[in-house]
There are 2 protein chains.
Amino acid sequence: MKPKISDVAHAAGVSPTTVSRVLNNRGYISEDTKKKVYKAMDALNYLPNDLARSLYNKRSNIIGVIVPTTSNPFYGELAAKIEHHCAEKGLKVLLCNSLFNVEKERNYWEMLRRNQVDGVIVCTYNRGLIDYDDHHLPIVAFDHYLSKRIPVISSNNYEGGVLATTHLLKSGCKKIIHINGPLDLETPANLRRKAYEDVMKEQDLPVLTYEIKPVLKQEATAKAVATVFDEQQDIDGIFASDDSIALAVIREARERGITVPDSLKVVGYDGSEFVREIAPELTTIQQPINKMAETAINHLLLQIEGTTQVPNQELVHHVLLRKGTSA
Amino acid sequence: MKPKISDVAHAAGVSPTTVSRVLNNRGYISEDTKKKVYKAMDALNYLPNDLARSLYNKRSNIIGVIVPTTSNPFYGELAAKIEHHCAEKGLKVLLCNSLFNVEKERNYWEMLRRNQVDGVIVCTYNRGLIDYDDHHLPIVAFDHYLSKRIPVISSNNYEGGVLATTHLLKSGCKKIIHINGPLDLETPANLRRKAYEDVMKEQDLPVLTYEIKPVLKQEATAKAVATVFDEQQDIDGIFASDDSIALAVIREARERGITVPDSLKVVGYDGSEFVREIAPELTTIQQPINKMAETAINHLLLQIEGTTQVPNQELVHHVLLRKGTSA
DNA sequence: CTGAAAGCGCTTACAG
DNA sequence: CTGAAAGCGCTTACAG
């Protein structure tokens, strides 16, 4: 069986209390005893049982991370970065892929609470699902407003929309279309669209927003993009609300013999590592995923360890125009 | 504070033992008592503490998943699918991104053992890192041979290599190049290359394998691909060992005015959901990620619950030629 | 500087 | 059908 603290104590000829003390570096222990204990731990290949520690300490050092799915590189990267910063701080990550499914998410919340996680980072679309205010579990939301009580981490989506649109304008575009993913109101991401519309109006240019219906994403995107090209002529710029859509636009343009960027300029949104690698030609608004992940866990830690009441706030990150050759 | 079992017992007017019994559906309890207990749990919003349960039961229902990084959609999808099948079986996933870093991985192993995980699924390149045979923790390896004792889940990489190469041959290609990611010997993935070489030799065609040096992947890939085009003329087919490389090939071809698939046919490897979405034109060998994930956790569960000694075996999955327009 | 005892929140023989 | 007691592997006052 796995050795426990009393086995170590026995081997070192001391009491369990003492072993625990050297384990936690607490109180005074003579160098000699320390050495004996370390030696015994080594000999037995002892590793403390974190379950028991967590039970006593009422601190599991585990945090729950709920994302739609890590299959999507944006969330995959986000999860990876969150986990990275957690590991650096001695925290562990319980991964939850909600798949936009309310029922699944509800189960995850219960699971996380049963497992005594110290806090959770959630990127969910299921508003009002949980009575977040009910339990005083530290929570940080990603890009979504969940409740008055919960701080949200986001990048400056309005700034991103402005950057994208003005970049297209400066490049000489006159007729710019915006293609939007399935609209989820009250989401910071919708500011991308608002920014586009504001900028266009300011320039007295027509506002042309298309929205992809939230059906089977893959074909829906292709179809929606085809519709845009069918319905509109002389488009010279497209600002897509995410990189998949932008790449679908470029593909469709190519098939129709429209050259990018000469006759059509395309700007995407997100700029995850993988998309940058796989499509370096794409001009896109890059979200600082790593920084956002870091802020999220720092802020969560503030709540977890915080003596002070952490105010509900929105932590907004600057966004970057990453120039490829598509615009 | 969070209610505990004794609070529920008190509220229901029974003993903690009884509450535990209804919680676990064990032994005989009168319907009446059951109702009282459920009512009390509801009223107190009681949720059992899994830490305490796991401690007593010596079963955490947590499994560790070590991947290079979920930023990469192949591993992101793999992690998501593993987590999905775990959730269905009441298991929880502790996520570890090793980033190909031996030191990080070593720490993860220790962390997982401290947390009393029931088993681990590992996709690691760090052979010989851990004395896997040392501890009798159930382990399943993904695509990598770690030790005689550890079963490995893989897809039939040889079959994939044959499929890709013969598809190119059937499409009329005469001069086919294989571009390989950084070579990691003894890895099932190298069978892709072996298959290519076998098929080419059999047809008395020249074997032309290029290998990408394991440096900064992004530029390395672009550069390696450019080299291939510089050094070789009249190439009419390229079999790339993963989809990123295949897409880099298509991009480079486009820049050089080589039309795909007319003058050059390209086949990739992996076929993750995201790449299929973002590049539906790519012909690729698709790995059955979901099935592999399912097999992995089923096999792990066999070890965990197994009374019988689970034999070390390789569980090979069939692979699929997914036809796009690139070949 | 060190140890015996109680407790973290559960569960399970063992009685009744 | 139900409860008192002991124990899962730790830690922390409290004594000494």
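Keep in mind that the numbers below use all heavy atoms, side chains included, and drop hydrogens, waters and symmetry copies. Just so it is clear: chains get the letters A, B, ... in the order the sequence lines come, proteins before strands, and each one is counted from 1.
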S.K.: When you check the phosphate oxygens OP1 and OP2 of C:dT11, does a side-chain N or O of B:Arg21 lie under 4.0 Å from one of them?
M.R.: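 No, because none of the side-chain N or O atoms of B:Arg21 sits under 4.0 Å from OP1 or OP2 of C:dT11.
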S.K.: Flag the pair A:Glu110 and A:Arg114 as a salt bridge only when some basic side-chain nitrogen lies within less than 4.0 angstrom of an acidic carboxylate oxygen.
M.R.: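 Between A:Arg114 and A:Glu110 there is a salt bridge, with a charged N closer than 4.0 Å to a carboxylate O.
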S.K.: Distance check needed: C:dT12 C1' versus B:Ile29 CD1, whole Å only.
M.R.: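 Atom-to-atom, B:Ile29 to C:dT12, this comes out as 14 Å.
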S.K.: With a 4.0 Å limit, can you tell me whether A:Ser15 has a side-chain N or O closer than that to the phosphate oxygens OP1/OP2 of C:dG3?
M.R.: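 For A:Ser15, the contact criterion (side-chain N or O under 4.0 Å from OP1 or OP2 of C:dG3) is met.
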S.K.: Does atom NE2 (B:His10) have a neighbourhood of more than 12 heavy atoms from anything else shown, all under 6.0 Å?
M.R.: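 Check fails, neighbour count at 12 or below.
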S.K.: So does A:Lys34 get a side-chain nitrogen or oxygen closer than 4.0 Å to the phosphate oxygens (OP1/OP2) of C:dC1?
M.R.: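 No, because none of the side-chain N or O atoms of A:Lys34 sits under 4.0 Å from OP1 or OP2 of C:dC1.
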S.K.: Is there a side-chain polar atom (N or O) of A:Asn24 under 4.0 Å from OP1 or OP2 of D:dT11?
M.R.: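 Yes.
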S.K.: Between B:Glu294 and B:Lys291, does at least one N-O distance fall below 4.0 Å, as a salt bridge requires?
M.R.: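 Salt bridge flag = no for B:Lys291 with B:Glu294.
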S.K.: May I ask you to evaluate whether B:Ser54 reaches the phosphate of D:dC8, defined as a side-chain N or O under 4.0 Å from OP1 or OP2?
M.R.: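 For D:dC8, OP1/OP2 do not have a side-chain N/O of B:Ser54 under 4.0 Å.
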S.K.: Respond yes when some side-chain nitrogen or oxygen of B:Thr18 is under 4.0 Å from OP1 or OP2 of D:dG3, and no when none is.
M.R.: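 For B:Thr18, the contact criterion (side-chain N or O under 4.0 Å from OP1 or OP2 of D:dG3) is met.
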S.K.: Tell me which of B:Gly13 and B:Ala52 sits closer to the 5' end of DNA chain D, going by the nucleotide each one is nearest to.
M.R.: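 So the residue in question is B:Gly13.
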S.K.: May I ask you to evaluate whether A:Arg26 reaches the phosphate of D:dT11, defined as a side-chain N or O under 4.0 Å from OP1 or OP2?
M.R.: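 A:Arg26 to D:dT11 OP1/OP2: no side-chain N or O under 4.0 Å.
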S.K.: Please tell me which of the listed nucleotides, D:dG9, C:dT12, C:dC8, lies nearest to the side chain of B:Lys4?
M.R.: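 In terms of side-chain proximity for B:Lys4, the closest of D:dG9, C:dT12, C:dC8 is C:dC8.
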S.K.: Which nucleotide in the list D:dC10, C:dC8, C:dT11 gets nearest to the side chain of A:Ile5?
M.R.: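 My answer, after comparing the listed nucleotides, is D:dC10.
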S.K.: Between D:dT2, C:dC8, D:dC10, which one does the side chain of A:Leu55 approach most closely?
M.R.: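 In terms of side-chain proximity for A:Leu55, the closest of D:dT2, C:dC8, D:dC10 is C:dC8.
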S.K.: Expressed as a whole number of angstroms, how long is the span from A:His10:NE2 to C:dG3:P?
M.R.: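 Checked: the NE2 to P distance equals 14 Å.
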S.K.: Under 4.0 Å between a side-chain N/O of A:Ser30 and OP1 or OP2 of C:dT2, yes or no?
M.R.: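 Yes, within the criterion.
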S.K.: By nearest atom, which of the nucleotides D:dT11, C:dG9, D:dT2 is closest to the B:Thr33 side chain?
M.R.: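 Between D:dT11, C:dG9, D:dT2, the one nearest the side chain of B:Thr33 would be D:dT2.
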S.K.: Closest nucleotide of DNA chain D for B:Pro16 versus for B:Asn57: which of these residues is on the 5' side?
M.R.: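 Mapping each residue to its closest nucleotide by heavy atoms, the 5'-most match is B:Pro16.
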S.K.: Can you tell me if the side-chain N/O atoms of A:Arg53 get under 4.0 Å from OP1 or OP2 in D:dG9?
M.R.: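 No, because none of the side-chain N or O atoms of A:Arg53 sits under 4.0 Å from OP1 or OP2 of D:dG9.
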S.K.: Between D:dC10 atom P and A:Asn61 atom CG, what is the distance in whole Å?
M.R.: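 Nearest whole value for this atom pair: 16 Å.
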S.K.: Rounding to an integer number of Å, can you tell me how far A:Gln116 CD sits from C:dC8 C1'?
M.R.: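 Rounded to the whole Å, the gap is 11 Å.
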S.K.: Scan side-chain atoms only and decide if A:Thr17 and A:Ser20 contain a donor-acceptor pair under the 3.5 Å cut-off.
M.R.: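 There is no such pair (donor and acceptor under 3.5 Å, judged by atom type) between the side chains of A:Thr17 and A:Ser20.
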S.K.: Figure out the CG/P separation between B:Leu51 and C:dC10, and round it to whole Å.
M.R.: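 From B:Leu51 CG to C:dC10 P: 10 Å.
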S.K.: Once you round to the nearest 0.5 Å, how far does CG of A:Asn298 lie from NZ of A:Lys89?
M.R.: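 With rounding to 0.5 Å, CG (A:Asn298) is 4.5 Å from NZ (A:Lys89).
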S.K.: From the set D:dC1, C:dG3, C:dC10, return the single nucleotide nearest to any side-chain atom of B:Tyr46.
M.R.: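 The answer is C:dC10.
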S.K.: Could you tell me which non-hydrogen atom of A:Ser60 sits nearest to which non-hydrogen atom of A:Gln116, and how far apart they are?
M.R.: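 Minimum heavy-atom contact is OG-O, 2.7 Å.
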S.K.: Starting from C1' on D:dC10, measure out to OH on B:Tyr56 and report it in whole angstrom.
M.R.: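 Going from OH in B:Tyr56 over to C1' in D:dC10 covers 17 Å.
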S.K.: If D:dG16 has a Watson-Crick or G-U wobble mate with both distances under 3.5 Å, name it; if not, just say none.
M.R.: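 With both distances under 3.5 Å, D:dG16 matches C:dC1.
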S.K.: Got a donor-acceptor contact below 3.5 angstrom from the B:Gln303 side chain to the B:Ile139 backbone?
M.R.: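 A pair under 3.5 Å: yes.
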S.K.: Between A:Asp50 (CG) and D:dC10 (P), how many Å, whole number?
M.R.: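 From A:Asp50 CG to D:dC10 P: 9 Å.
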S.K.: Strictly below 4.0 Å: does B:Lys2 bring a side-chain N or O up to OP1 or OP2 of C:dG9?
M.R.: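 Checking B:Lys2 against C:dG9: no side-chain N or O falls below 4.0 Å of OP1 or OP2.
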S.K.: Determine: side-chain N/O of B:Ser20 to OP1/OP2 of C:dT11, distance under 4.0 Å, yes or no.
M.R.: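 For C:dT11, OP1 or OP2 has a side-chain N or O of B:Ser20 closer than 4.0 Å.
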S.K.: Nearest whole angstrom, please: distance from the C1' of C:dG16 to the OH of B:Tyr28.
M.R.: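 Spelled out: OH on B:Tyr28 to C1' on C:dG16 is 18 Å.
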